[in-house]
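Just so it is clear: chains get the letters A, B, ... in the order the sequence lines come, proteins before strands, and each one is counted from 1. Being a predicted model, the structure only gives us computed values, none of them experimental.
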Amino acid sequence: MDYKQRVYRVVKKIPKGKVSTYGSISKYIKGVTPRMVGRALHTNPDPASIPCHRVVDRDGKVAEHFAFGGWREQRRRLINEGVGFIDPTHVDLGKHSWQSKK
DNA sequence: CTCTTGACCATGT
DNA sequence: AACATGGCCAAGA
(Lines give C-alpha, C1' and ligand atoms only; values in the text may rest on other atoms or scores of the structure.)
Protein backbone atom coordinates (compact mmCIF):
# COMPACT_ATOMS: atom_id res chain seq x y z
CA MET A 1 0.00 0.00 0.00
CA ASP A 2 1.26 3.44 -0.81
CA TYR A 3 2.09 5.71 2.07
CA LYS A 4 -0.69 8.00 0.91
CA GLN A 5 -3.33 5.35 1.39
CA ARG A 6 -2.14 4.82 4.95
CA VAL A 7 -2.33 8.53 5.62
CA TYR A 8 -5.81 8.79 4.19
CA ARG A 9 -6.94 5.84 6.23
CA VAL A 10 -5.86 7.58 9.42
CA VAL A 11 -7.26 10.97 8.47
CA LYS A 12 -10.63 9.44 7.74
CA LYS A 13 -10.70 8.09 11.28
CA ILE A 14 -10.53 11.52 12.87
CA PRO A 15 -13.83 11.94 14.70
CA LYS A 16 -16.00 14.99 14.26
CA GLY A 17 -15.17 17.80 16.62
CA LYS A 18 -11.51 16.75 16.90
CA VAL A 19 -8.34 17.82 15.14
CA SER A 20 -4.98 16.14 14.61
CA THR A 21 -1.53 17.26 13.53
CA TYR A 22 0.72 16.17 10.67
CA GLY A 23 3.41 15.25 13.15
CA SER A 24 1.15 12.98 15.21
CA ILE A 25 0.01 11.14 12.13
CA SER A 26 3.55 10.72 10.85
CA LYS A 27 4.66 9.33 14.19
CA TYR A 28 1.89 6.84 14.22
CA ILE A 29 2.69 5.54 10.73
CA LYS A 30 6.15 4.01 10.56
CA GLY A 31 8.37 5.28 7.79
CA VAL A 32 6.24 8.34 7.14
CA THR A 33 7.53 11.84 7.83
CA PRO A 34 5.39 14.94 8.44
CA ARG A 35 6.25 16.18 4.96
CA MET A 36 4.84 13.03 3.44
CA VAL A 37 1.60 13.55 5.32
CA GLY A 38 1.35 17.06 3.96
CA ARG A 39 2.12 15.85 0.45
CA ALA A 40 -0.42 13.08 0.73
CA LEU A 41 -3.13 15.58 1.60
CA HIS A 42 -1.95 17.96 -1.09
CA THR A 43 -2.56 15.30 -3.69
CA ASN A 44 -5.83 14.56 -1.96
CA PRO A 45 -7.71 12.33 -4.45
CA ASP A 46 -11.04 12.50 -2.65
CA PRO A 47 -11.62 15.60 -0.53
CA ALA A 48 -15.24 14.64 -0.11
CA SER A 49 -14.27 11.60 1.95
CA ILE A 50 -11.08 12.86 3.52
CA PRO A 51 -11.59 15.46 6.28
CA CYS A 52 -8.31 17.25 5.68
CA HIS A 53 -9.72 20.33 7.42
CA ARG A 54 -9.27 18.47 10.70
CA VAL A 55 -5.53 18.34 10.21
CA VAL A 56 -3.39 21.25 11.37
CA ASP A 57 0.27 21.83 12.12
CA ARG A 58 2.05 21.50 15.47
CA ASP A 59 0.94 24.94 16.70
CA GLY A 60 -2.64 24.31 15.71
CA LYS A 61 -2.27 26.63 12.78
CA VAL A 62 -4.26 25.81 9.65
CA ALA A 63 -2.99 25.72 6.08
CA GLU A 64 -3.80 29.16 4.74
CA HIS A 65 -3.99 28.55 1.00
CA PHE A 66 -4.98 24.97 0.52
CA ALA A 67 -7.63 23.02 2.43
CA PHE A 68 -10.89 23.14 0.54
CA GLY A 69 -10.47 26.56 -1.00
CA GLY A 70 -9.10 28.56 1.89
CA TRP A 71 -8.47 28.61 5.64
CA ARG A 72 -11.73 30.47 6.15
CA GLU A 73 -13.68 27.56 4.76
CA GLN A 74 -11.64 25.21 6.88
CA ARG A 75 -12.23 27.32 9.97
CA ARG A 76 -15.93 27.54 9.23
CA ARG A 77 -16.22 23.75 9.09
CA LEU A 78 -14.24 23.20 12.27
CA ILE A 79 -16.28 25.70 14.22
CA ASN A 80 -19.39 24.07 12.85
CA GLU A 81 -18.15 20.77 14.30
CA GLY A 82 -17.50 22.27 17.69
CA VAL A 83 -13.77 22.88 17.50
CA GLY A 84 -12.70 26.05 19.29
CA PHE A 85 -10.27 28.59 17.90
CA ILE A 86 -7.90 30.57 20.10
CA ASP A 87 -7.39 33.03 17.26
CA PRO A 88 -8.49 33.23 13.60
CA THR A 89 -5.82 30.82 12.40
CA HIS A 90 -5.16 28.63 15.44
CA VAL A 91 -7.37 25.86 16.76
CA ASP A 92 -7.51 24.87 20.42
CA LEU A 93 -5.30 21.79 20.40
CA GLY A 94 -5.38 21.52 24.17
CA LYS A 95 -9.04 20.55 24.12
CA HIS A 96 -9.57 18.99 20.73
CA SER A 97 -6.32 17.25 19.84
CA TRP A 98 -6.98 13.70 18.72
CA GLN A 99 -4.64 10.78 18.40
CA SER A 100 -5.26 7.65 16.44
CA LYS A 101 -5.19 4.57 18.59
CA LYS A 102 -2.95 2.14 16.96
C1' DC B 1 18.64 11.65 -14.11
C1' DT B 2 19.60 16.18 -11.27
C1' DC B 3 17.73 20.20 -9.00
C1' DT B 4 14.19 22.67 -6.66
C1' DT B 5 10.24 23.01 -3.89
C1' DG B 6 7.14 22.03 -0.20
C1' DA B 7 -0.76 21.13 3.80
C1' DC B 8 5.94 19.97 8.43
C1' DC B 9 8.83 19.61 12.75
C1' DA B 10 12.54 20.58 16.28
C1' DT B 11 15.52 23.87 17.89
C1' DG B 12 17.52 28.41 18.53
C1' DT B 13 16.90 33.46 18.66
C1' DA C 1 4.39 33.93 19.80
C1' DA C 2 6.89 34.79 15.44
C1' DC C 3 10.89 34.09 12.39
C1' DA C 4 15.13 31.53 10.68
C1' DT C 5 17.76 27.19 9.89
C1' DG C 6 18.46 22.26 9.07
C1' DG C 7 16.57 17.88 8.23
C1' DC C 8 13.25 14.70 6.44
C1' DC C 9 11.44 12.47 1.77
C1' DA C 10 8.50 12.64 -2.41
C1' DA C 11 6.81 14.90 -6.60
C1' DG C 12 7.41 18.21 -10.41
C1' DA C 13 10.27 20.76 -13.91
Using a 3.5 Å cut-off and no angle test, enumerate the donor-acceptor pairs between side-chain atoms of residues 65-76 of chain A and protein atoms at least two apart in sequence or in another chain.
| residue | atom | partner | partner atom | Å |
| --- | --- | --- | --- | --- |
| A:E73 | OE2 | A:R76 | NH2 | 2.9 |
| A:Q74 | NE2 | A:H53 | O | 2.9 |

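Rounded to whole Å, atom P of B:dG6 lies 17 Å from atom CG of A:D57. Between A:R77 atom CZ and B:dA7 atom P there is a gap of 20 Å when expressed in whole angstrom units. If you measure from atom CG of A:L41 to atom P of B:dG6, you get 17 Å, rounded to the nearest angstrom. Rounded to whole angstrom, the span from the OH atom of A:Y22 across to the C1' atom of B:dA7 amounts to 3 Å. Distance A:F66 CZ to B:dG6 P: 8 Å, rounded to the nearest Å.
Here the side chain of A:D2 pairs no donor or acceptor atom with the backbone of A:K4 at under 3.5 angstrom. With hydrogens and angles disregarded, no donor-acceptor distance shorter than 3.5 Å links the side chain of A:S97 to the backbone of A:G94.
Summarising the geometry of A:R6 relative to A:K30, their closest heavy-atom pair is NH1-O, 3.7 Å, with the distance given to 0.1 Å. A:T33 and A:S26 make their closest contact through C-CB, 3.5 Å (heavy atoms, listed as atom of the first residue, atom of the second, distance).
Using a 4.5 Å heavy-atom cutoff, the side chains of A:S49 and A:Y8 are not in contact.
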If a protein heavy atom is under 4.0 Å from the base, mark B; if only from the sugar-phosphate, S; if neither, -; do that for nucleotides 1-13 of chain C going 5' to 3'.
-S----BBSSS--
